[in-house]
Amino acid sequence: METQAAILWERNAPWSVETVELDPPKAEEVLVEMHASGMCHTEEHMLLGDMPFQIPFVGGHEGAGVVKQVGEHVSWLRPGDHVVFSFIPACGRCPSCSTGHQNLCDLGALIGRGRQILDGGSRHHARGQDLSISSALGTFAHHTVVNEASCVKIEPHHALDRACLLGCGFVTGWGASVYAAGIEPGHNVVVAGLGGIGAAALQGAKLSGARTITVIDPSEFKREKAFELGATHVAASWEEAAEVVKEATWNRGADRFICAMGIGEGKLIAPALRMVAKRGWLVVANIHRLVEREVAISMMDLTLMEKRIVGTLYGSGNPRSDIPKMLELWSSGSVDLDAMVTRTYPLEKVNDGFDDMRAARNLRGVLRYPAAEA
């Protein structure tokens, strides 16, 4: 079949929306009619080359839609089922999956090549070339073919243009607070960066009972949004944040500090760690450039104050259980997915959406496709 998709043909270039030829799904794959896709900062990393995914490729890894066709070996999904894609597939059989760490599934090692998990082939083609797809998904498209391991079935009453956020950003941020940081009632928390991950981390910290939540972001718009989502303090810079955290915590420091900036920088780890209290944790939830290798911190501070630096992928969660759980929390009013979406765009305006992201005008932009309007 033919469909429309946003393709990156070269680094540091605009996305090109054009016709893509799509092969039918093979044995373990499904064809999905996309309804929506979140516009995550990770695609910007790919565009800039911070994460050197093979080009040309169809962008997007945060999507939701309706199954239209299934491969012959797919037994648990049927046409008409609503699904959210997990950007880390979950096989359910590897050591990580079987011990409750689906975010570290062995199949995750395959998504960087941008081809199908089943056989390493391509089902997407344009201009006579095989295309890669972001995280083995390619959600910047009206239709895509993915492996069943990337699908999480959800109840059909959930709005797909909100549910799509759970494929990456919201679970990553919420889980960074609740799982990776283990925030407890009374904790003092700092969240650096209020994009899709940071806003979700803020919500996770609030739901966990944090006493104070300080958000660091240079954008006035985002600092205002932080208060709306439950922050108790904000700071426009790291220097300002150091003083704010001292005052908010009676000079004790933050029990948990979550790095959620769009692009992580090694030079910021040291000032972040200085704001952390004795026995506090610094949780790194964002992506750093692949080539970055140096971080300067006070090892004396790390040792004598028993501080911890913790890395987390996908919020250290389990997408098959966490995605439905997040939707139930949204339905009950415990988390707010609506507040996460600042603007929506048709596929043809994908470059406008990324311009708004770069200008800090969005917490999260979402692409909505014709199927969502039907």
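Below, all heavy atoms of this structure are taken into account, side chains as well, without hydrogens, waters or symmetry copies. This chain uses plain numbering: 1 for the first residue, then up along the sequence. Predicted model, so just to flag it, every value in this text is computed and none were measured.
- No more than 12 heavy atoms of other residues, nucleotides or ligands sit less than 6.0 Å from atom CD of Glu155.
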Given salt bridge (Lys or Arg N to Asp or Glu O under 4.0 Å), test Arg361 with Asp356 step by step and report yes or no.
CA-CA 5 Å; Arg361 289 190 285 263; Asp356 286 339; 2.7 Å; yes

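- Within 6.0 Å of atom CZ in Arg113, more than 12 heavy atoms from other residues, nucleotides or ligands are found, so the atom counts as buried in its surroundings.
- With rounding to the nearest 0.5 angstrom, the CD atom of Gln69 is 13.0 Å from the CG atom of Leu77.
- Lys349 NZ: 12 or fewer foreign heavy atoms inside a 6.0 Å radius.
- Here the CG-SG distance, from Leu107 to Cys91, works out to 5.0 Å after rounding to the nearest 0.5 Å.
- Atoms CD1 and CD1, on Ile117 and Ile111 in that order, are 8.0 Å from each other to the nearest 0.5 Å.
- Between Asp217 and Arg223 there is no salt bridge, since no side-chain nitrogen of the basic residue lies less than 4.0 Å from a carboxylate oxygen of the acidic one.
- Side-chain contact between Arg162 and Trp330 is present, with at least one heavy-atom pair separated by less than 4.5 Å.
- Residue Glu220 qualifies as open at atom CD: its count of foreign heavy atoms under 6.0 Å is 12 or below.
- A salt bridge is defined here as a Lys NZ or Arg NE, NH1 or NH2 lying under 4.0 Å from an Asp or Glu carboxylate O, and Lys325 with Asp322 meets this definition.
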Run Arg115 and Ser132 through side-chain contact (heavy atoms from CB on, under 4.5 Å) and show every step you take. CA-CA 5 Å; Arg115 298 302 173 104; Ser132 300; 3.3 Å; yes

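- Summarising the geometry of Val17 relative to Glu348, their closest heavy-atom pair is CG2-CA, 4.2 Å, with the distance given to 0.1 Å.
- Within the 4.5 Å cutoff, side-chain heavy atoms of Trp76 are placed close to those of Cys151.
- For Lys307 and Asp301, the salt-bridge test passes: some basic side-chain N is under 4.0 Å from an acidic carboxylate O.
- Salt-bridge annotation for Glu294 and Lys267: absent, with no side-chain N of the basic residue lying under 4.0 Å from a carboxylate O of the acidic one.
- Each of Ser37, Ser86, Cys40 was compared with His61 under the side-chain contact (heavy atoms from CB on, under 4.5 Å) criterion, and only Cys40 meets it.
- Using a 4.5 Å cut-off on side-chain heavy atoms (C-beta onward), Met305 and Met300 make no contact.
- Here the two rings, on His35 and Tyr369, have centers that are 6.0 Å apart or farther.
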Could you please spell out the steps behind the side chain to side chain donor-acceptor pair (under 3.5 Å) verdict for Ser208 and Glu184? CA-CA 6 Å; Ser208 297; Glu184 299 175 358; over 6 Å; no

- Audit row: Glu72, Lys26, salt bridge (Lys or Arg N to Asp or Glu O under 4.0 Å) steps and yes/no: CA-CA 7 Å; Glu72 60 181 334; Lys26 291 194 175 181; over 6 Å; no

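- A pairwise comparison of heavy atoms in Ser177 and Gly204 identifies CB-C, 3.8 Å as the closest pair.
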Query raised in the report: Checking side-chain contact (heavy atoms from CB on, under 4.5 Å) for the pair Leu22/Glu2: CA distance, chi angles, key distance, verdict?
Result: CA-CA 6 Å; Leu22 193 59; Glu2 289 187 347; over 6 Å; no

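- Look at Glu265 and Arg289 and you find no salt bridge, because none of the NZ, NE, NH1 or NH2 atoms lies under 4.0 Å from a carboxylate O.
- Asn188 pairs with exactly one of Thr212, Thr249, Thr232 by the side chain to side chain donor-acceptor pair (under 3.5 Å) rule, that one being Thr212.
- In this structure a side-chain-to-backbone donor-acceptor pair under 3.5 Å is present from Ser321 to Asn318.
- Ring orientation note: the planes of Trp15 and Phe354 are close to parallel, at an angle under 30° on the 30°/60° scale.
- Both Leu282 and Trp238 are assigned to one and the same hydrophobic cluster, defined by single-linkage of ILVMFWY side chains at heavy-atom distances under 4.5 Å.
- You'll find the side chain of Ile55 reaches within 4.5 Å of the side chain of Arg11, heavy atoms only.
- One distance of note links NE2 of His143 with OG1 of Thr3; it measures 5.0 Å at 0.5 Å rounding.
- No side-chain donor from either of Gln102 and Ser96 sits under 3.5 Å from a side-chain acceptor of the other.
- Remark: Phe85 CZ to Thr144 OG1 distance equals 6.0 Å, nearest 0.5 Å.
- Distance check: His41 NE2 to Ile287 CD1 gives 11.0 Å after rounding to the nearest 0.5 Å.
- Under the 6.0 Å distance and 45° angle rule, Arg127 counts as a cation-pi partner of Trp9.
- The residues Arg358 and Glu44 are annotated as salt-bridged, a charged nitrogen and a carboxylate oxygen being separated by less than 4.0 angstrom.
- Under a 3.5 Å cut-off, the side chain of Glu292 and the backbone N or O of His288 do not form any donor-acceptor pair.
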After noting the C-alpha distance and the side-chain angles of His125 and Asp23, does the key distance pass the side chain to side chain donor-acceptor pair (under 3.5 Å) rule?
-> CA-CA 8 Å; His125 319 279; Asp23 296 338; 2.7 Å; yes

Are Val350 and Phe140 close enough, and set up right, to give a side-chain contact (heavy atoms from CB on, under 4.5 Å), and what steps lead you there? CA-CA 8 Å; Val350 60; Phe140 290 176; 4.2 Å; yes

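- With Arg256 contributing its side chain and Ala181 its backbone, the two residues share a donor-acceptor pair below 3.5 Å.
- Open room surrounds CD on Glu247; 12 or fewer heavy atoms of other groups in view lie less than 6.0 Å from it.
- Between Gly193 and Ala260, the closest heavy-atom pair is O-CB, 3.8 Å.
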Discussion item. Go through it in stages, so that I can follow the logic: the residues are Gln4 and Thr19, the test is side chain to side chain donor-acceptor pair (under 3.5 Å), and I'd like the CA-CA distance, side-chain angles, deciding distance and then a yes or no.
Written reply: CA-CA 5 Å; Gln4 295 292 301; Thr19 299; 2.9 Å; yes

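- The residues Lys278 and Glu306 are annotated as not salt-bridged, no charged nitrogen and carboxylate oxygen being separated by less than 4.0 angstrom.
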#### Entry: Test log, rule side-chain contact (heavy atoms from CB on, under 4.5 Å), inputs Tyr179 and Thr312
CA-CA 9 Å; Tyr179 299 141; Thr312 178; over 6 Å; no

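- Not counting sequence neighbours, Asp255 has no partner by the salt bridge (charged side-chain N to carboxylate O under 4.0 Å, His left out) test.
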